Amino acid sequence: MWNSWSSQHNSRLEQRRICGLLNKLNLTNFDSVATNLIEHLTNCRRRGGLDTIEAFADSIALRAIEDAQRSSLYAYLCRRVDGELEMEDRRWTWLNDGTRQSSHPSFTSILVDACESRFTQALDERAACLFPLVEFIGDLLLDGVLPIADVQDLVDQLFTLAEQGQEGSAIALSRLCRRVAREQEGLYILEQLGASGSIERVLEEDIITPKARYLLMAVIDLFHQELVDVFDSTGLRNEIYNLDDDEQEVSLELDSAPTDGDSLPSKTTTCESEDQAEVSKLEAE
């Protein structure tokens, strides 16, 4: 049986190690790096290193924003971590004859807090990082990491702002819905979030911009499993609705048959030399 006080937890060193491992993560080495990460996080859990797990969750959310092509990879990593930490908690419960003495919050609740914090910051600053963040949340929903109920409030905030004419929130809703709808179970998730009816209410507002209206109407088409287009060319459509590069994927969906989604890149993220140097320095002490 382990005790949280049985060994000293070096939060600073563990966070540096975890950061270094995340910098190495890619499709090729995913299993080995994920196993190593889970081992570190499990040890942190045992030693009471909640701050390290919180830092990991926030780092994952930030990386999904800054490295959006790997959003699905980061979401799958979260699924692995959540499953292993939950099993660790269950072992602790069993060892105590069914009496749950561990007061650790679940990794899911920690990740929800991290996403909510980033979400609130992005809304307050009206930052473009809101778009990759909601796509990451969509990936977490598809992987079953985040419960639908825990995301409902964030989605409702976007609908409220979209009804008030905030174009960025409408774009974020479009990105979230298209992300989730790419999988078969995605439409069920969107139905549970009340997306279809809420989008229709937004479309009733006269103050929303043509771009917002177009993107949300394209989402409505997803619920009917069809994409309707009246334009002869992509260029004309983008010009009329003032679509940016980020929104032109809707045009590509209209111009071509649906696909199973983009493959994840295999190259690694840039490794921060300062972090690696710090790890070596701390381990030498």
Side-chain angles (χ1 to χ4, degrees), residues 12 14-30 33-34 36-38 40-41 51-82 107-108 110-143 145-146 150-151 154-155 157-158 167-169 171-180 182 244-249 261-279:
R12 184 183 175 198
E14 286 299 331
Q15 289 183 33
R16 292 292 186 180
R17 284 172 172 165
I18 288 172
C19 182
L21 287 169
L22 284 174
N23 285 335
K24 299 175 183 177
L25 185 68
N26 60 48
L27 276 178
T28 304
N29 63 17
F30 178 85
V33 173
N36 206 340
L37 276 167
I38 289 169
H40 281 292
L41 291 169
D51 55 340
T52 300
I53 298 177
E54 290 174 341
F56 168 76
D58 185 65
S59 177
I60 283 289
L62 179 60
R63 287 168 185 267
I65 291 171
E66 295 180 343
D67 189 11
Q69 284 185 310
R70 299 194 192 189
S71 175
S72 297
L73 188 66
Y74 291 132
Y76 185 63
L77 175 62
C78 288
R79 178 180 175 180
R80 287 276 302 270
V81 169
D82 182 54
F107 177 71
T108 293
I110 293 172
L111 186 60
V112 168
D113 289 342
C115 289
E116 285 181 346
S117 177
R118 293 284 177 184
F119 181 87
T120 300
Q121 181 181 357
L123 280 185
D124 291 343
E125 298 175 358
R126 297 197 175 188
C129 65
L130 176 63
F131 305 148
L133 176 60
V134 297
E135 290 182 334
F136 177 55
I137 290 173
D139 288 330
L140 292 172
L141 283 169
L142 288 173
D143 275 334
V145 181
L146 296 187
D150 289 346
V151 179
L154 304 185
V155 175
Q157 289 184 60
L158 290 177
E167 184 178 85
S169 295
I171 295 173
L173 284 169
S174 169
R175 299 279 284 267
L176 172 64
C177 292
R178 294 205 312 274
R179 190 69 160 213
V180 174
R182 68 182 182 176
D244 300 325
D245 292 339
D246 290 340
E247 287 84 45
Q248 286 181 18
E249 64 180 272
D262 298 331
S263 58
L264 291 169
S266 59
K267 67 177 184 179
T268 59
T269 52
T270 303
C271 180
E272 298 178 6
S273 57
E274 293 181 1
D275 288 342
Q276 298 303 320
E278 190 67 23
V279 172

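Computed from a predicted model, the values in this text were never measured in an experiment.
- Heavy-atom minimum distance, P132 versus A64: CB-O, 4.1 Å.
- Taken from OG in S117 to CG in D113, the straight-line distance is 8.5 Å, to the nearest 0.5 Å.
- The shortest heavy-atom contact between L21 and V33 is O-CG1, 3.4 Å.
- Inter-residue side-chain proximity for F136 and I65 is flagged as unmet; no heavy-atom pair is nearer than 4.5 Å.
- Residues E125 and L130 are not in side-chain contact: their nearest non-hydrogen atoms beyond the backbone lie 4.5 Å or more apart.
- A search for side chain to side chain donor-acceptor pair (under 3.5 Å) contacts involving S59 returns R63, not counting sequence neighbours.
- To the nearest 0.5 angstrom, R179 atom CZ is 8.5 Å from L142 atom CG.
- V134 has its side chain within reach of L158: a pair of non-hydrogen atoms, C-beta onward, lies under 4.5 Å apart.
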| request: Could you please spell out the steps behind the side-chain contact (heavy atoms from CB on, under 4.5 Å) verdict for C78 and D143? | output: CA-CA 9 Å; C78 288; D143 275 334; over 6 Å; no
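- Between the CG atom in L37 and the CZ atom in R17 there is a gap of 12.5 Å [rounded to 0.5 Å].
- Scanning both residues, L77 and A34, for their nearest heavy atoms gives CD1-CB, 3.8 Å.
- Annotation: side chain of L146 is in contact with side chain of I137 (closest heavy-atom distance under 4.5 Å).
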| Step by step, would you call V155 with L173 a side-chain contact (heavy atoms from CB on, under 4.5 Å)? | CA-CA 8 Å; V155 175; L173 284 169; 4.3 Å; yes
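- Once rounded to the nearest 0.5 Å, the distance linking CD1 of I171 with CZ of F131 reads 4.5 Å.
- Note that the CD1 atom of I110 and the CD1 atom of I53 stand 5.5 Å from one another [nearest 0.5 Å].
- Looking at H40 and F56, their side chains never come closer than 4.5 Å, going by heavy atoms from C-beta outward.
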| message | Pair L140, Y74 - check side-chain contact (heavy atoms from CB on, under 4.5 Å), show working. | response | CA-CA 9 Å; L140 292 172; Y74 291 132; over 6 Å; no
| Checking side-chain contact (heavy atoms from CB on, under 4.5 Å) for the pair F107/L41: CA distance, chi angles, key distance, verdict? | CA-CA 10 Å; F107 177 71; L41 291 169; 5.7 Å; no
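- Under the 3.5 Å distance criterion, the side-chain polar atoms of N26 are matched with a main-chain donor or acceptor of N29.
- Under the 4.0 Å criterion applied to side-chain N and carboxylate O atoms, D139 and R79 are not assigned as salt-bridge partners.
- Remark: L133 CG to R118 CZ distance equals 9.0 Å, nearest 0.5 Å.
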